[in-house]
Amino acid sequence: MEIQTKERLFPIEAREALEDTDEDSRTHEQKIALENLTRHTAVEDSETLETLHDELSEIDSLKEKHIYKLLGVMPQYESTLRGIFSDERIRLDDSEYDEILDICQSVESEE
């Protein structure tokens with residue numbers, strides 16, 4: 001498989017793109033990705049994801065790749081959040097961890 005373009009997608013957009021492909025033509029990796037996205041997509045609304053993206057973008061330490069990773073996982077606990085950044089070359093202070101958790105947990109409180 002050859003990569004033709006590279007762009008970041010919200011989890012719901014990736015799931016929809018995979019669902020739009022012919023089931024018989026999906027690769028093994030695409031099938032696994034679709035299964036994971038179906039099970040673990042935390043936010044189903046693109047507008048909410050846009051809002052969360054904008055809020056997370058205000059945290060100066062976060063790069064775009066970090067924001068999309070957070071939107072994919074939507075961590076609700078500090079241990080999960082710290083696990084996400086354990087292999088990254090980024091240092092967040094405690095207030096930034098708290099701010100990220102507040103943003104991610106705000107989705108749970110809205111539902």
Side-chain angles (χ1 to χ4, degrees):
M1 179 183 342
E2 181 182 332
I3 298 174
Q4 296 175 351
T5 60
K6 202 174 187 178
E7 64 181 272
R8 298 194 191 280
L9 299 173
F10 293 132
I12 189 69
E13 293 172 324
R15 187 178 84 192
E16 289 171 353
L18 287 169
E19 288 173 340
D20 288 344
T21 62
D22 180 45
E23 188 174 339
D24 295 329
S25 68
R26 290 181 195 139
T27 65
H28 177 71
E29 291 82 6
Q30 289 172 327
K31 290 175 186 176
I32 291 171
L34 179 57
E35 183 178 328
N36 285 330
L37 286 166
T38 301
R39 280 190 198 168
H40 303 292
T41 300
V43 180
E44 301 279 336
D45 176 33
S46 294
E47 284 183 35
T48 302
L49 287 168
E50 279 290 338
T51 301
L52 294 170
H53 179 278
D54 293 344
E55 290 176 17
L56 290 168
S57 295
E58 293 176 10
I59 301 172
D60 293 331
S61 302
L62 295 179
K63 295 181 180 174
E64 197 69 11
K65 70 176 188 171
H66 301 130
I67 294 169
Y68 277 89
K69 189 181 280 192
L70 289 166
L71 293 173
V73 177
M74 291 302 293
Q76 299 297 303
Y77 304 101
E78 185 174 344
S79 59
T80 307
L81 181 57
R82 289 190 183 273
I84 290 170
F85 289 105
S86 65
D87 62 344
E88 294 287 335
R89 292 181 175 226
I90 182 175
R91 297 285 176 231
L92 300 172
D93 59 39
D94 288 339
S95 66
E96 289 171 316
Y97 278 113
D98 291 340
E99 188 175 355
I100 292 167
L101 281 175
D102 287 344
I103 292 168
C104 292
Q105 290 171 345
S106 70
V107 173
E108 285 294 311
S109 62
E110 291 175 3
E111 296 176 352

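Basis for what follows: all heavy atoms, side chains included, without hydrogens, waters or symmetry-related copies.
- Side-chain contact between Ile103 and Ile59 is present, with at least one heavy-atom pair separated by less than 4.5 Å.
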**Study point:** Test log, rule side chain to side chain contact (heavy atoms under 4.5 Å, CB included), inputs Leu81 and Leu92
**Key:** CA-CA 11 Å; Leu81 181 57; Leu92 300 172; 5.7 Å; no
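- Placement of Leu49 and Val73 within a single hydrophobic cluster is found when ILVMFWY residues are connected by side-chain heavy-atom separations under 4.5 Å, directly or transitively.
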Exercise for review: Could you walk me through whether His66 and Lys69 pass side chain to side chain contact (heavy atoms under 4.5 Å, CB included), step by step?
Suggested key: CA-CA 5 Å; His66 301 130; Lys69 189 181 280 192; 5.6 Å; no
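- Phe10 is linked by a ring pair (Phe, Tyr, Trp, His ring centres under 6.0 Å) to Tyr68, counting only residues two or more places apart in sequence or in another chain.
- Residues Ser61 and Glu96 approach most closely at OG-OE2, 2.6 Å, considering heavy atoms.
- One distance of note links OG1 of Thr38 with CD of Glu19; it measures 5.5 Å at 0.5 Å rounding.
- Closest of all the heavy-atom pairs between Ile12 and Ser46 is CG2-OG, 3.8 Å.
- A donor-acceptor contact shorter than 3.5 Å links the side chain of Thr27 to the backbone of Gln30.
- Annotation: the span from Leu18 atom CG to Ile32 atom CD1 amounts to 12.0 Å, rounded to 0.5 Å.
- Follow the hydrophobic side-chain contacts under 4.5 Å out from Val43 and you reach Ile84 in the same cluster.
- Residues passing the side chain to side chain donor-acceptor pair (under 3.5 Å) test with Gln4, sequence neighbours excluded: none.
- Separating the CG atom in Leu56 from the CD atom in Glu58 is a distance of 9.0 Å, to the nearest 0.5 Å.
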Point to revise | Stepwise side chain to side chain contact (heavy atoms under 4.5 Å, CB included) test for Arg8 and Lys65 | key: CA-CA 8 Å; Arg8 298 194 191 280; Lys65 70 176 188 171; 3.1 Å; yes
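- Using a 4.0 Å cut-off between charged side-chain N and carboxylate O, Glu35 and Lys31 make no salt bridge.
- Under the 4.5 Å side-chain heavy-atom criterion for grouping Ile, Leu, Val, Met, Phe, Trp and Tyr, Val107 is not connected to Tyr77 through any hydrophobic cluster.
- Pairing each heavy atom of Pro75 with each of Leu70, the nearest pair is CD-O, 3.7 Å.
- Counting non-hydrogen atoms of other residues, nucleotides and ligands closer than 6.0 Å to CD of Glu23 gives a total of 12 or fewer.
- How far CZ of Arg82 is from OH of Tyr97: 4.5 Å, rounded to the nearest 0.5 Å.
- Between Leu101 atom CG and Gln76 atom CD the span is 8.0 Å, to the nearest 0.5 Å.
- The backbone N or O of Glu13 lies less than 3.5 Å from no partner atom in the side chain of Glu16, so there is not a single donor-acceptor pair.
- Looking at Glu88, its side chain never comes within 3.5 Å of a backbone N or O of Phe85 through a donor-acceptor pair.
- Here the straight-line distance linking atom CZ of Arg15 with atom CD of Glu44 works out to 4.0 Å at 0.5 Å rounding.
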**Study point:** Working for side chain to side chain contact (heavy atoms under 4.5 Å, CB included), residues Ile67 and Leu52
**Key:** CA-CA 9 Å; Ile67 294 169; Leu52 294 170; over 6 Å; no
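- For Asp20, the CG atom is densely surrounded, since the number of other residues' heavy atoms within 6.0 Å is greater than 12.
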